**Student:** 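Structure incoming, see below.
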Amino acid sequence: GVNLQRNHNFWYVNREGTFGVVTGDNDRLFWGVELGVRPINNLRLSAGYQGHSDSIDANTPYCTSEATFMIDFSAEYSYKRWKFQLSTDVVGPRVWCWEAKEGENRATEAIATPTSVDLGVGVSYAIKDRAEVYLNGYNLLNNVGLKNMCDYAFYYGSGIGFMCGVKLNF
């Protein structure tokens with residue numbers, strides 16, 4: 001799909017950790033595509049891409065703060081009551097702006113984060129038709145880009161992580 005947004009907001013963060021928003025002359029064109037296939041009965045594959053481009057006023061001191069692109073791949077294989085998942089998310093470079101206050105003067109600087117790759121795996125077992133136990137692993141590559149200012153500036157992402165639990169369907 002495609003979407004055009006006029007006067008897209010700029011977000012910034014200051015050293016105290018609070019967020020601010022300003023509006024400016026920024027038209028953003030979003031685009032994306034998603035594809036899913038089931039080559040055999042028990043295997044589901046999917047891939048997606050989304051990105052954007054901005055027409056930013058050259059005089060603005062603010063950044064757009066969102067990743068320039070995101071790509072995801074996933075595979076899920078089912079065998080009787082078992083499900084096995086593999087996923088990869090690639091998040092493009094992101095530029096955050098922070099605003100430093102010195103007396104009455106304000107200075108805006110940019111912080112760039114690198115492209116990051118998140119590898120995840122999961123396994124689950126259906127105990128009954130309404131209950132399932134699962135174990136998932138995230139950021140298994142221990143990607144430095146995910147640990148350094150991942151989604152929000154100055155809010156650090158975690159390293160390798162695991163989650164387990166029970167899903168109940170009502």
Side-chain angles (χ1 to χ4, degrees), residues 1-14 17-39 42-58 60-78 83-99 108-124 134-165 167:
V2 176
N3 180 10
L4 176 65
Q5 188 175 35
R6 303 254 322 148
N7 296 325
H8 187 76
N9 292 330
F10 297 100
W11 291 89
Y12 65 90
V13 65
N14 63 30
T18 59
F19 290 89
V21 63
V22 293
T23 57
D25 185 16
N26 177 24
D27 296 335
R28 176 172 282 185
L29 179 65
F30 295 93
W31 61 86
V33 63
E34 191 171 333
L35 176 66
V37 295
R38 195 177 284 270
N42 297 347
L43 179 64
R44 186 180 70 198
L45 304 172
S46 63
Y49 175 86
Q50 57 185 358
H52 70 269
S53 62
D54 293 300
S55 62
I56 300 173
D57 179 4
T60 185
Y62 294 99
C63 312
T64 59
S65 74
E66 294 174 84
T68 52
F69 67 87
M70 289 184 274
I71 303 169
D72 62 85
F73 300 99
S74 65
E76 180 179 283
Y77 181 76
S78 301
K83 283 185 189 172
F84 304 93
Q85 299 101 10
L86 175 67
S87 66
T88 304
D89 298 315
V90 180
V91 178
R94 181 178 303 204
V95 179
W96 276 98
C97 290
W98 68 273
E99 189 172 75
T108 303
E109 296 181 26
I111 302 165
T113 60
T115 298
S116 61
V117 178
D118 182 5
L119 176 66
V121 296
V123 62
S124 64
Y134 66 90
L135 173 64
N136 295 328
Y138 303 99
N139 194 16
L140 298 179
L141 300 175
N142 204 19
N143 192 308
V144 174
L146 288 175
K147 292 189 292 185
N148 295 323
M149 295 178 264
C150 181
D151 286 328
Y152 305 103
F154 304 114
Y155 286 79
Y156 297 100
S158 59
I160 296 172
F162 295 93
M163 181 185 307
C164 63
K167 293 180 190 177

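Quantities reported herein were computed from a predicted structural model and do not represent experimental measurements. Index from 1, following the sequence.
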**Student:** Say you draw a straight line from CZ of R38 to CZ of R44; how long is it, rounded to the nearest 0.5 Å?
**Tutor:**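 Output value for this atom pair is 6.0 Å.
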**Student:** Over all heavy atoms of both residues, which pair between P93 and F69 is shortest? Give the atoms and the distance, please.
**Tutor:**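 The pair with the smallest heavy-atom distance is CD-CE2, 3.8 Å.
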**Student:** Check side chain to side chain contact (heavy atoms under 4.5 Å, CB included) between S124 and all other residues, then give those that pass, not counting sequence neighbours.
**Tutor:**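 S124 satisfies side chain to side chain contact (heavy atoms under 4.5 Å, CB included) with K83, Q85, E132, Y134 only.
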**Student:** Start with the C-alpha gap between S53 and W31, add the side-chain angles, then the distance that decides, and say whether side-chain contact (heavy atoms from CB on, under 4.5 Å) holds.
**Tutor:** CA-CA 9 Å; S53 62; W31 61 86; 3.6 Å; yes
**Student:** Would you call the rings of F30 and H52 parallel, tilted or perpendicular, taking 30° and 60° as the class edges?
**Tutor:**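 Rings of F30 and H52: tilted, as their planes differ by 30° to 60°.
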**Student:** Step by step, work out the side-chain contact (heavy atoms from CB on, under 4.5 Å) result for D72 and V90.
**Tutor:** CA-CA 6 Å; D72 62 85; V90 180; over 6 Å; no
**Student:** If you look at every heavy atom in V91 and A67, which pair is closest and at what distance?
**Tutor:**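 Shortest heavy-atom separation between V91 and A67 comes out as CG1-CB, 3.5 Å.
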**Student:** Given M163 and Y138, is the side-chain contact (heavy atoms from CB on, under 4.5 Å) satisfied, shown in steps?
**Tutor:** CA-CA 8 Å; M163 181 185 307; Y138 303 99; 4.1 Å; yes
**Student:** Distance check, rounded to the nearest 0.5 Å: L119 atom CG versus L86 atom CG?
**Tutor:**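 So the gap between those two atoms works out to 6.0 Å.
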**Student:** Is there a side-chain contact (heavy atoms from CB on, under 4.5 Å) between L141 and V117? Walk through the geometry before answering.
**Tutor:** CA-CA 8 Å; L141 300 175; V117 178; 4.1 Å; yes
**Student:** Closest heavy-atom contact between L135 and C164?
**Tutor:**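 Minimum heavy-atom contact is CD1-CB, 3.9 Å.
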**Student:** Can you sort out the partners of L45 under side chain to side chain contact (heavy atoms under 4.5 Å, CB included), two or more places apart, ordered by chain and number?
**Tutor:**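 Testing L45 for side chain to side chain contact (heavy atoms under 4.5 Å, CB included), a comparison that skips the adjacent residues, returns V37, P39, L43, A75.
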**Student:** Evaluate the side-chain proximity of T88 to D118: yes if any heavy-atom separation is below 4.5 Å, no if none is.
**Tutor:**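 No, side chains not in contact.
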**Student:** Could you tell me if the side chain of L140 sits less than 4.5 Å from the side chain of I160, heavy atoms only?
**Tutor:**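 In short, these two side chains touch, coming nearer than 4.5 Å.
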